[in-house]
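On a predicted model such as this, the values are computed, not experimentally measured, just so you know. In what follows, every chain begins at residue 1, and chains take the letters A, B, ... in the order their sequences are listed.
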Protein chains: 2
Amino acid sequence: MPGTTASAATHETRETPISAPVILAVSTVIFALRPNETGPATVWIPLVRRIREPFEGLWAIPGGALRADEDLASAARRTLEETSGLTPRYLEQLYAFGSVDRAPGTRVVSIVYWALVRSEEAAKATESENVRWFSTDELPTLAFDHNEIVAYALWRLRTKMEYSRIAHAFLGDTFTLAQLREVHEAVLQRPLDPANFRRMIEASKTVVDTGQRVTGTRHRPPRLYRYDSSIDLADVGPLSSI
Amino acid sequence: MPGTTASAATHETRETPISAPVILAVSTVIFALRPNETGPATVWIPLVRRIREPFEGLWAIPGGALRADEDLASAARRTLEETSGLTPRYLEQLYAFGSVDRAPGTRVVSIVYWALVRSEEAAKATESENVRWFSTDELPTLAFDHNEIVAYALWRLRTKMEYSRIAHAFLGDTFTLAQLREVHEAVLQRPLDPANFRRMIEASKTVVDTGQRVTGTRHRPPRLYRYDSSIDLADVGPLSSI
DNA sequence: GCAAAAGTGTTATTCTTACACCCATGA
DNA sequence: TCATGGGTGTAAGAATAACACTTTTGC
């Protein structure tokens, strides 16, 4: 950073700046829910197969080099769109990974984002020989340090799901409370009390009743809710304005 | 990131990779407490004066270019030591700032860390014409987007202070509960009930009674505690192992 | 009517908060 | 003995969690 140069110059013998062969990349862990044939829905992520060394043939999270004229989040959105054709409903920076030895031969610093996409959109997303969806609890060995990155992203998703209201990013414009609860249950991997969940959501004031109901079920028709967009999805402090 | 290149090549016409003129820097917001002449202690940070354009003459948070052979946290520690002579008791990555227009003329992505240093150590830290400590509630206009960065770092410090046990990083090896409470009060900027604070800390099991007491006060001698290093400072999930 | 999920009510438990009050020391 | 902060006790209120029970639909 700029402040750096000045301070270093002030306090130490200035070394010839190594025109650092550091490559800056932006990658994204993309989460979607997939309804499971047996049992509840689970969390899935799309991965891309490496077609060159290092780690040729292994799967990796999608990403790409940062272009000079785009913001970090823009780069995340772009590479996300390029690989999977998806548009995220939620996107947040996860962490910058920069261990010296994380990429054999080269020095790569990856600024990683995590994203949530709608289940319905994920279902029709691009999938090919080199792009495939994986269940997060059945991941193969990934390229680089991507297993650790996914593990951390999953931890953040679960942690944030408990104190924030991001679950509806997996859903369509309107949804029932049961659907919203299924999202929480899939991410947290434990059943939630429907009664208490209802009160918890109502207390948060993040959803509004559309007045509509879902008919055709063989039980009492549930209300349809819409997310109240006047309230921020997640609390990121003063960062939201930057 | 590596995974990127493969995926991009798979799905779109490969453009000549722009050998991006993106500069990668690492900076750190360094927090210390300063006892105030009147009233309680407050949060201070060291800043360095810019000695060249852009923003020449303005104050900025310390940092420096990332070297090819050092980790991100190592770079933060190094630049921190170079500018202030300080060794942090706590260091955590804050955020990667990468807006296209944040540095006039060039494209700089800053990976920012935040650090806590002991008050006693901060007192004897290097200070000069171009390095000075500022109270966080009386900051001037800083270079680049550093005002926003400091605001975000402060938000993180306060948020983390409420659910994590990082306060003792401001203190020496042993401390009284009153000192620990003063740290919380200074950061959170509100008084805390001594009785409830005591129980909260005892319940957290993060400190152990040394058996010693402080004498010489004109009241009941308080116990001295030590931080229980067998417990992690802060919860960073699976990241601690990376 | 029956099954199934929607939705409401109620209670026990834990956590939080406020504050009264005693304790141990120096002056 | 008094002032001062160290340290303990207690009770009200809020938040959490468990679960009984009523409602509304399709079959």
In whole Å, what is the span from the [atom1] atom of [X] to the [atom2] atom of [N]?
| X | N | atom1 | atom2 | answer |
| --- | --- | --- | --- | --- |
| Leu192(A) | dA17(D) | CG | C1' | 12 Å |
| Leu224(A) | dG7(C) | CG | C1' | 15 Å |
| Leu177(A) | dA4(C) | CG | P | 21 Å |
| Arg198(A) | dC19(D) | CZ | P | 20 Å |
| Arg223(A) | dT25(D) | CZ | C1' | 14 Å |
| Ile201(B) | dT16(C) | CD1 | P | 13 Å |
| Glu162(B) | dT16(C) | CD | P | 12 Å |

Consider ring pair (Phe, Tyr, Trp, His ring centres under 6.0 Å). Of Phe144(B), Phe134(B), Trp133(B), which one does Trp59(B) pass it with?
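The option that passes is Phe134(B).
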
Assert yes or no for the condition that the ring centre distance of Trp44(A) to Phe31(A) is strictly below 6.0 Å.
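They do not qualify: ring centres at least 6.0 Å apart.
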
Would the Tyr95(B) and Tyr152(B) ring centres measure less than 6.0 Å apart?
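Close enough - the centres of the two rings lie under 6.0 Å apart.
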
Nearest to the side chain of Asn196(A), heavy atoms from C-beta on, is which of dG7(C), dC19(C), dA17(D)?
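Per side-chain heavy atoms of Asn196(A), the pick is dA17(D).
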
When you measure from the side chain of Pro221(B), which nucleotide among dA6(C), dA24(C), dT17(C) comes out closest?
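Looking only at heavy atoms from C-beta outward on Pro221(B), the closest nucleotide is dA24(C).
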
Any luck finding a side-chain donor-acceptor pair between Asp137(B) and Ser135(B) under 3.5 Å?
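On atom types as modelled, these side chains qualify, holding a pair under 3.5 Å.
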
Establish, from distance only, whether the side-chain atoms of Arg77(A) and Thr87(A) form a donor-acceptor pair under 3.5 Å.
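No donor-acceptor contact under 3.5 Å links the two side chains.
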
5' priority, DNA chain D, between His219(A) and Ala195(A) [closest heavy atom]
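The 5'-side residue here is Ala195(A).
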
Which is true for [X] with a 4.0 Å heavy-atom rule: it touches a base, it touches only sugar-phosphate, or it touches nothing?
| X | result |
| --- | --- |
| Ala178(B) | sugar-phosphate |
| Thr176(B) | nothing |
| Arg199(B) | base |

Distance test, side-chain N/O of [X] to OP1/OP2 of [N], below 4.0 Å:
| X | N | value |
| --- | --- | --- |
| Arg218(A) | dA5(C) | no |
| Arg220(A) | dA5(C) | no |
| Arg181(A) | dG7(C) | no |

